[in-house]
Amino acid sequence: MPPGQSFEMQDIPGKGKGMIATKAILAGELILFEAPLFTLPSSCSNSDVLAELVKLAESEQREFFSLSNCHRGRLSPPIGICRTNGLPCGDQSTLSGETAERFGLFLLGSRFNSSCVPNVNNYWDDSQQKISFRALRDVDAGEELCICYTELFSPRMELQRKGKLAFGFNCMCTACTLPQTAQKASDERRANIQRLYGEIAECGNNPSLGVRKAKMIIKQLKEEGILEASGAIFYYDGFQFCASVSDRKNAKQWVKKALDAECLGRGPETPGAQMYRKYLEDPKRHRSFGLLPRQTLTGPET
Ligand SMILES: C[S@@+](CC[C@H](N)C(=O)[O-])C[C@H]1O[C@@H](n2cnc3c(N)ncnc32)[C@H](O)[C@@H]1O
C-alpha cells in the first residue's frame, strides 16, 4: 500500500478480502483517488477485455488476475473478473434508471466490499479520469470500509436478491446481519423510503406536500444510517419545491444542505456541487423559480 494511506487490505470472514481503516478517518475525507487499469463500455465482451489486458505490464496483468471472480466456472476469467470488480465510471442508479456507459477496473478500489449501510462513497471524477472514495461519516480505526454495489432504497430481500444475482454473494454487511426484529424494522423503513421516493416525484404541483415528503424521507434515511449516502437528491427536491413558489429563504437552506451532502460524498468541485453553489447564490437561476403562486414553505430540519 502507498505510504500515508489510511486503510489496508485484510481477510474479512465471509467476504474474501476487504479494506480496513488503519486510523480514524473524518467524514468527507478523501480516502483514495485512483486511476483505472482500464475502462470499457458496460456492454463489453471477453475479447474487449483481452484487448485491454495485452496493453498492460506483466505485473499489472498478474494483479488483475488476482482480483476476486464470482463468475468462476461460468464465464471466462477476464470478463468474470470485470463483472465482479468493475465500478461505474459515471452516475448509476436502478431507481432513476441511470446507467453508467463505462466501468473501470481498479487494483485497490475494486477491493472495497459492499454494505447496505456504506461508510464510503465511490465517485467517478470525469475531469480527472479517476475514481474517488470518500468517508461518508467518521470512521474508527479497525472498521471495515465499504461502498454500496446496488441501490439503497430496497427492502432486504430485494437487496439480497440483487447482490446475489449480480455479484454471487449473500450480503454479510452490518445491516444484513442484524437480529431479526431490527432487520424487520429496517426493512419497513426501506420500503417506506422506496414508496416516498416514487411519491415525491408526483408532487410538482403540490410543493407543500412535496416538502413534507422530503422531510419524511430524510428522517427515515437518517434512522436507517444512509442519509449521507443519498441525502443530496432529497435536499435538492426540497430546494426545487421552494423555488417553484418563490420561497427564496427556504430554497437557499435546502440547497445549502444539498451542497454539503454533495461535498461530503463526492467532493467540492463536482458538476453537482457547482450547480448547487449557483442556486445557493441565487435561487432565481433555477428554471422552475416562481412557476407556481407565491407561498412560504419550510426549510430542512437542522
Ligand atoms: C469487488 S469484490 C470485493 C473484494 C473481494 N472481497 C476480494 O476478496 O477481492 C466483490 C466480491 O466480494 C465479496 N463481497 C463483497 N461485499 C460482500 C458482502 N457484503 N458480503 C459478502 N461478500 C461480499 C463477494 O464475493 C463479491 O463477489
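Residue numbers count from 1 along this sequence. Order of listing sets the numbers, starting from 1, for every ligand and every atom in it.
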Strictly under 4.0 Å, does any heavy atom of Asn85 approach an atom of ligand 1? yes

Atoms in ligand 1 flagged as close to Met172, the criterion being non-hydrogen separation under 4.0 Å: 18 (C), 19 (N), 20 (N), 21 (C)

Counting only N and O atoms by type, is there a donor-acceptor contact under 3.5 Å from the side chain of Asn250 to the main-chain atoms of Asp247? no

Which ligand 1 atoms are under 4.0 Å away from a heavy-atom of Tyr149? 1 (C), 2 (S), 3 (C), 10 (C), 15 (C)

Within a reach of under 6.0 Å around NZ of Lys278, are more than 12 heavy atoms found that belong to other residues, nucleotides or ligands? yes

Any heavy atom of Ile12 under 4.0 Å from ligand 1? The part involved is neither

Do Asn119 side-chain atoms and Leu136 backbone N/O form a donor-acceptor pair below 3.5 Å? no

Measuring from atom 12 (O) of ligand 1, which candidate in Ile81, Thr177, Asn113 has the nearest non-hydrogen atom? Asn113

Does any N/O atom on Lys15 come nearer than 3.5 Å to any N/O atom on ligand 1? yes

Looking at Gln274, I'd like to know if its CD atom is crowded, meaning that more than 12 non-hydrogen atoms belonging to other residues, nucleotides or ligands lie closer than 6.0 Å. yes

Would Cys171 count as a contact of ligand 1 if the rule is a heavy atom under 4.0 Å away? yes

What atoms in ligand 1 come closer than 4.0 Å to a heavy atom of Gly14? 21 (C), 22 (N)

Which is it for Phe112 and ligand 1 at heavy atoms under 4.0 Å: side chain, backbone, both or neither? backbone

Name the option, out of Lys17, Glu144, Arg83, Arg111, that contains the heavy atom nearest to atom 9 (O) of ligand 1. Arg111

Do Asn122 and Ser132 have side-chain heavy atoms sitting under 4.5 Å apart? no

Assess the pair Phe239 and Tyr236: is the distance between their ring centroids shorter than 6.0 Å? yes

Show your working on side chain to side chain donor-acceptor pair (under 3.5 Å) between Glu224 and Ser186 and close with a plain yes or no. CA-CA 7 Å; Glu224 194 57 14; Ser186 157; 2.5 Å; yes

With heavy atoms under 4.0 Å as the rule, classify the contact between Ser114 and ligand 1 as side chain, backbone, both or neither. both

Indicate yes or no: does an N/O atom of Ser110 lie under 3.5 Å from an N/O atom of ligand 1? no

A student checking ligand 1 against Asn170 at a 4.0 Å heavy-atom cut-off should list atoms 20 (N), 21 (C)

Derivation of the side chain to side chain contact (heavy atoms under 4.5 Å, CB included) call for Tyr279 and Met275: CA-CA 6 Å; Tyr279 296 141; Met275 178 182 80; 3.4 Å; yes

Numbered in order shown, the ligand 1 atoms found under 4.0 Å of a heavy atom of Gly16 are 8 (O)

May I ask you to test the Cys116-Arg190 pair for a side-chain heavy-atom distance under 4.5 Å? yes

